[in-house]
There are 2 protein chains.
Amino acid sequence: MNQILVVDDDQELRTTLVEVLEQEGLQAVAARSADDALERLQLETFDLILLDLVMPGTDGMTAIPLIRRQAPRTRIIIMTAYASVQNAVQSLQQGADDYIVKPFKIDGLMLTVRLNLQKARFCEETEAVDLDKIFNGLANSLRRQTLQLLSRQGQMRFMDLVRALEIEDHTKVNFHLKTLREAGFIDQTSDKLYQLTTNGQRAATCLSYICKSLEASAQARPSIVP
Amino acid sequence: MNQILVVDDDQELRTTLVEVLEQEGLQAVAARSADDALERLQLETFDLILLDLVMPGTDGMTAIPLIRRQAPRTRIIIMTAYASVQNAVQSLQQGADDYIVKPFKIDGLMLTVRLNLQKARFCEETEAVDLDKIFNGLANSLRRQTLQLLSRQGQMRFMDLVRALEIEDHTKVNFHLKTLREAGFIDQTSDKLYQLTTNGQRAATCLSYICKSLEASAQARPSIVP
DNA sequence: TGACCTTGTGAAGAAAACTTCACAGGGGAG
DNA sequence: CTCCCCTGTGAAGTTTTCTTCACAAGGTCA
């Protein structure tokens, strides 16, 4: 069951939102201020918070990082009547996940809420399963090289791969290819060519992200060459 | 020297921006379209990209993830005349770093540019680490959770960490903390509080990169919501 | 003081990851 | 057909990583 917290100083809107959310089969409670919300967060956890930006006391913008600190995985959706691009940008930079402008249609709100709940669910799942796979795939240098090679070359034959990697014992490569195949990163065409799967491409992308960032920082501070 | 890329289909604005930036002592070049920019990115790297959202051909919004892929550490600032909250939110969700509304004052632009360059420099000033270390650090789910926790909380005491991770055997946590410490990802303050080192922060950043890219792919294929 | 919590260390064993070796079927060249 | 290369499997052994357990110094609170 999804637990939602509505934070708004407007009592009418607060109760309306809770009602609407409950009609949609979601569990919702309300808080009248950011401080109220923060107190509540100490007692229970929420999947999603609908947060008004303009409120007496601690305002929404200030509250975002405080909430994030208490509840790192909760999705935070900002609602505000005084929408500006600057506000939107700033609140996302502070750690909010989404932004919706008042007045909104119920359908629009529900779409946003549903979408964010779904993302949260996905994050939870991937945290447990996929990341282990990805990092296990990337933890080995030979496997990293393989992914990079396949990413660049597209498709490769087994022995070409072995030679490109400069490994004498081909069965060693075979072992790691098996690991990659079991992790769902590579597969083989009907004529035995190895290639990346979608997940493999994703892993390779992660890898290049990281390589590039290391490269960039190495470049930034050149060492003295003898 | 900071390398800046200006991407806009308006020729006049393009040259003006390049001139202004160069007057301020920054190196700037221009591209007339997103495709043009992407081609350029294959040849050289930039510290910052000023990207128009509305352009013929590939539009700015579409370009953001493509640029991110090529240049993960480059700051992307969106410029647009057709500013809307929704656009701002979406572009930041796609991976942009900041958002500025046309027409802008030169001072306002320069402030944004300077601020973002400064942030970028801050991110960069870390020494190169080898990939094996990073991936070894990230290969274990407990260590990942630890990095994320420390990244969010800043500093934590040992037992608080153990309880947050929900591990009964504290020596198990101790083992992994030792691993992380030996990998240079965490250290301890004089009063025994654990905290991330610079390299640890980088590893945590890598981790969040990957989580975000997974999240983005979740968004790409929304499933049916009950 | 005694009970209890915090913050460790080190050793032993279990589990996982990795390497090496022996072998084998299929296909092409001479 | 014979030789040799490509592509693989499986077992055995090695190394690394992870977990568990026993224990202990120091601090706190009653």
Side-chain angles (χ1 to χ4, degrees), chain A residues 127-150 153-196 200 203 207, chain B residues 129-147 149-150 153-197 200 203 207:
Chain A
E127 222 161 276
V129 191
D130 283 8
L131 282 180
D132 267 330
K133 264 194 191 168
I134 287 195
F135 285 111
N136 185 32
L138 296 177
N140 181 282
S141 133
L142 197 55
R143 287 200 291 269
R144 284 202 299 275
Q145 288 174 53
T146 305
L147 287 177
Q148 286 180 314
L149 261 174
L150 286 176
Q153 307 277 354
Q155 300 184 328
M156 285 183 86
R157 288 194 315 159
F158 176 68
M159 266 298 144
D160 292 341
L161 207 56
V162 172
R163 275 186 285 265
L165 294 168
E166 296 176 9
I167 304 293
E168 354 51 76
D169 183 358
H170 72 276
T171 66
K172 182 170 166 181
V173 178
N174 224 298
F175 168 80
H176 289 286
L177 285 177
K178 200 171 161 186
T179 308
L180 285 172
R181 197 166 34 203
E182 277 165 5
F185 286 171
I186 61 172
D187 58 10
Q188 276 177 295
T189 61
S190 52
D191 45 349
K192 302 223 166 191
L193 290 173
Y194 283 97
Q195 62 185 4
L196 294 182
L207 187 53
Chain B
V129 205
D130 69 307
L131 285 175
D132 272 327
K133 259 192 191 169
I134 287 198
F135 285 111
N136 185 33
L138 297 177
N140 182 283
S141 136
L142 199 53
R143 288 200 290 270
R144 282 202 300 278
Q145 287 175 53
T146 305
L147 287 177
L149 260 174
L150 286 176
Q153 307 278 354
Q155 300 184 329
M156 283 183 87
R157 290 192 314 157
F158 176 69
M159 266 299 145
D160 291 341
L161 207 57
V162 171
R163 275 186 286 263
L165 294 167
E166 296 176 9
I167 304 293
E168 351 53 74
D169 184 357
H170 71 278
T171 67
K172 182 170 167 179
V173 178
N174 225 296
F175 167 81
H176 288 287
L177 286 177
K178 200 170 161 187
T179 309
L180 285 171
R181 197 165 34 203
E182 278 163 4
F185 286 170
I186 61 173
D187 58 10
Q188 274 178 297
T189 62
S190 52
D191 47 347
K192 303 221 166 192
L193 290 173
Y194 283 96
Q195 62 185 5
L196 292 184
T197 61
L207 189 53

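For clarity, every value in this text was computed on a predicted model and none was experimentally measured. Numbered from 1 within each chain, the chains take letters A, B, ... in sequence-line order.
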Item to check | Heavy-atom side-chain contact between A:Thr179 and A:Arg143 under 4.5 Å | outcome: yes
Listed pairs, N/O of protein and of nucleotides 16-20 of chain D, under 3.5 Å:
residue : atom : partner  : partner atom : Å
D:dC18  : OP1  : B:Asn140 : ND2          : 3.4
D:dC18  : OP2  : B:Arg143 : NH1          : 3.0
D:dT19  : OP1  : B:Lys172 : NZ           : 3.4
D:dT19  : OP2  : B:His176 : NE2          : 2.8

Checklist entry - Can you tell me if A:Arg144 uses its side chain to pair, donor with acceptor, with the backbone of A:Leu138 under 3.5 Å? => result yes
Checklist entry - For the atom pair NE2 (B:His176) and CG (B:Leu180), what is the distance rounded to the nearest 0.5 Å? => result 8.5 Å
Checklist entry - Could you give the NZ-to-P distance, from A:Lys192 to D:dC5, as a whole number of Å? => result 19 Å
Checklist entry - Below 4.0 angstrom from OP1 or OP2 of D:dG8, is there any side-chain N or O of A:Tyr194? => result yes
Next on the checklist: Suppose we screen for salt bridge (charged side-chain N to carboxylate O under 4.0 Å, His left out). Which residues come up paired with A:Arg181, at least two apart in sequence or across chains?
Outcome noted: none
Checklist entry - Can you tell me how far the CZ atom of B:Phe185 sits from the CG atom of B:Leu150, to the nearest 0.5 Å? => result 12.5 Å
Checklist entry - Which part of the nucleic acid, if any, lies within reach of A:Lys178 when heavy atoms closer than 4.0 Å are counted: base, sugar-phosphate only, or nothing? => result nothing
Item to check | side-chain contact (heavy atoms from CB on, under 4.5 Å) partners for B:Thr171, two or more places apart | outcome: B:Asp169
Checklist entry - Rounded to whole angstrom units, what separation is found between the CZ atom of A:Arg157 and the C1' atom of D:dT7? => result 10 Å
Next on the checklist: If you compare all heavy atoms of B:Ile186 against all heavy atoms of B:Thr197, which two are closest, and at what distance to 0.1 Å?
Outcome noted: C-CG2, 3.6 Å
Item to check | Over all atoms of both residues, closest heavy-atom pair of A:Asn140 and A:Leu142 | outcome: OD1-N, 2.7 Å
Next on the checklist: Five pairs per end, C1' atoms only: what is the angle between the end axes of the helix from C:dT1-D:dA30 to C:dG30-D:dC1, to 10 degrees?
Outcome noted: 10°
Item to check | Positional range of nucleotides in DNA chain C within the contact set of chain B, heavy-atom, under 4.0 Å | outcome: C:dT6 to C:dT9
Enumerate, atom names and distances included, each donor-acceptor pair closer than 3.5 Å involving a side-chain atom of residues 154-167 of chain A, sequence neighbours excluded.
residue  : atom : partner  : partner atom : Å
A:Gln155 : NE2  : A:Gln195 : OE1          : 2.6

